[in-house]
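Values below: every heavy atom of this structure, side chains too, minus hydrogens, waters and symmetry copies. So you know, we letter chains A, B, ... as the sequences are listed, proteins then strands, and number each from 1. Nothing here was measured: the structure is a model prediction, and the numbers come from that model.
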2 protein chains.
Amino acid sequence: MKYSIGEVAERMGTNTSTLRYYDKQGLLPFVDRNAAGRREFKDNDFNFLEVINCLKKSGVPVKDIGKFINLCLQGDETLRERYDYLDQEERVLEEKVTEMQKQLDFLRFKKWYYKTSVEAGTEDIHFTKGTKFVDPETHQQYRYELKNTKDIHQLINLAVDEI
Amino acid sequence: MKYSIGEVAERMGTNTSTLRYYDKQGLLPFVDRNAAGRREFKDNDFNFLEVINCLKKSGVPVKDIGKFINLCLQGDETLRERYDYLDQEERVLEEKVTEMQKQLDFLRFKKWYYKTSVEAGTEDIHFTKGTKFVDPETHQQYRYELKNTKDIHQLINLAVDEI
DNA sequence: ATACGACTTGAAGTAAGGTTTAAGTCAAAC
DNA sequence: GTTTGACTTAAACCTTACTTCAAGTCGTAT
């Protein structure tokens with residue numbers, strides 16, 4: 001089967017301008033053209049497009065994706081190089097996920113901070129030394145004082161220390 | 001204690017230009033100025049800076065961070081709004097992490113694809129119907145045929161089916 | 001007193017990743 | 001046969017998030 005740029009755009013959840021932009025940036029060297037100069041995508045091209053999609057969503061710059069695609073077109077000699085690239089990219093992504101989890105931790109601490117503030121009617125409870133209050137959900141009592149948030153994990157532990 | 005923009009930049013792992021840019025974009029309305037017009041950060045300002053840092057790393061646009069900071073300066077009336085915002089942002093981040101995990105799945109499948117290809121000396125094994133081969137690490141035998149990668153999770157399961 | 005480093009501003013420049021526009025081609029429908 | 005919709009290109013434009021530049025101020029050390 002052959003597919004026009006419009007069909008491919010719809011299937012990939014993008015638009016034709018973006019695909020043309022990718023083509024111009026060297027991400028689609030595998031795409032054929034018909035007699036009229038129009039792009040004709042093949043079934044196999046979707047394998048490439050999925051790789052592009054994955055790397056894009058993983059935060060890989062367009063230029064670097066192009067390099068990988070071109071490695072793919074160079075045949076079996078670049079198999080190891082391609083493996084090594086993906087291996088490295090896997091570690092980069094894992095690191096990003098770890099970083100996101102840290103921000104989630106912080107976000108959850110701040111949610112707790114605001115939940116208890118809303119409950120108390122004021123943010124001041126977190127700045128008043130030794131204020132006791134009760135978590136409205138768990139009904140646990142806490143004593144807590146906000147200093148500098150140098151280590152948020154430490155603060156979270158501090159925050160959940162029951163009296 | 002008071003801190004100059006340079007000291008703050010170093011402590012936050014950024015540079016003075018970026019902090020001035022943030023200030024211009026309305027992210028630092030809490031910063032005082034001395035008689036000479038120079039920025040004077042207070043200890044408490046680091047609480048704001050940490051929030052900015054977190055939201056920035058979470059992928060929140062600069063403008064939106066500014067909105068949140070200004071909400072913070074409006075006092076206890078906006079506590080619930082601030083909670084709701086962070087609650088929503090938490091879900092957005094969780095969704096991002098889930099998305100990243102999907103890309104990690106795909107990346108790992110492709111690593112397996114290349115690992116077995118390197119072992120076989122050619123990528124062709126994945127296009128030859130019913131080719132049997134052995135995972136060099138686990139010594140398990142596989143039979144596997146690459147069609148369209150419509151559902152990568154299904155393919156991964158297919159790939160690890162022992163004969 | 002003057003040199004130095006750190007600060008101030010507005011404005012221009014940069015890079016990434018598209019998006020839009022203008023001018024034109026092509027194939028099928030009416 | 002001409003209109004319509006999808007395609008083609010190059011080039012201009014846009015947004016985000018800085019980064020750099022130019023010109024000037026301030027406080028301290030020599």
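Here dC7(C) is the nucleotide among dC7(C), dG18(C), dT19(D) with the atom lying nearest to any side-chain atom of I5(B). Distances were taken from every side-chain heavy atom of T16(B) (C-beta onward) to each of dT16(D), dA16(C), dC7(C); the shortest belongs to dC7(C). Side-chain proximity of R20(B) to the nucleotides dT16(D), dT8(C), dC18(D) is greatest for dT8(C).
Separating the CD atom of E40(A) from the P atom of dC26(C) is a distance of 15 Å, rounded to the nearest angstrom. In this structure, R33(A) atom CZ and dA6(D) atom P are separated by 19 Å, rounded to whole Å. D23(A) has its CG atom 11 Å from the P atom of dA10(D), to the nearest Å. Put simply, CG on N34(B) is 7 Å from P on dG27(D), counting in whole angstrom units. Whole-Å rounding puts the L27(B) CG to dA17(D) P distance at 10 Å. Rounded to an integer number of Å, the gap from L28(B) CG to dC18(D) P is 12 Å. R39(A) has its CZ atom 16 Å from the P atom of dA6(D), to the nearest Å. In this structure, Y22(B) places its OH atom 17 Å from P of dT9(C), rounding to the nearest Å.
Phosphate contact (OP1/OP2 of dA17(D), side-chain N/O of T18(B), threshold under 4.0 Å): absent. Taking only side-chain nitrogens and oxygens, S4(B) comes nearer than 4.0 Å to OP1 or OP2 of dC7(C).
Tested against D87(A) for a salt bridge (charged side-chain N to carboxylate O under 4.0 Å, His left out), the candidates K111(B), R108(B), K115(B) yield a single pass: K111(B). None of Y114(A), W112(A), F109(A) except one satisfies the ring-ring contact (aromatic ring centres under 6.0 Å, His included) rule with H126(A); the exception is W112(A).
Remark: K24(B) fails to qualify as a cation-pi partner of Y21(B) under the 6.0 Å distance and 45° angle criteria applied to the six-membered ring.
Counting only heavy atoms from C-beta outward, the side chains of K56(A) and Y22(A) approach each other to under 4.5 Å. Between Y85(B) and D64(B) the shortest side-chain heavy-atom distance falls below 4.5 Å. Side-chain atoms of T18(B) and N15(B), non-hydrogen and from C-beta on, do get closer than 4.5 Å to each other.
For K110(B) and E89(A), the salt-bridge test fails: no basic side-chain N is under 4.0 Å from an acidic carboxylate O.
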**Request:** Summarise how protein sits on nucleotides 20-26 of chain D as a single string, 5' to 3': B when a protein heavy atom is under 4.0 Å from the base, S for sugar-phosphate-only contact, - for no contact.
**Result:** B----BB
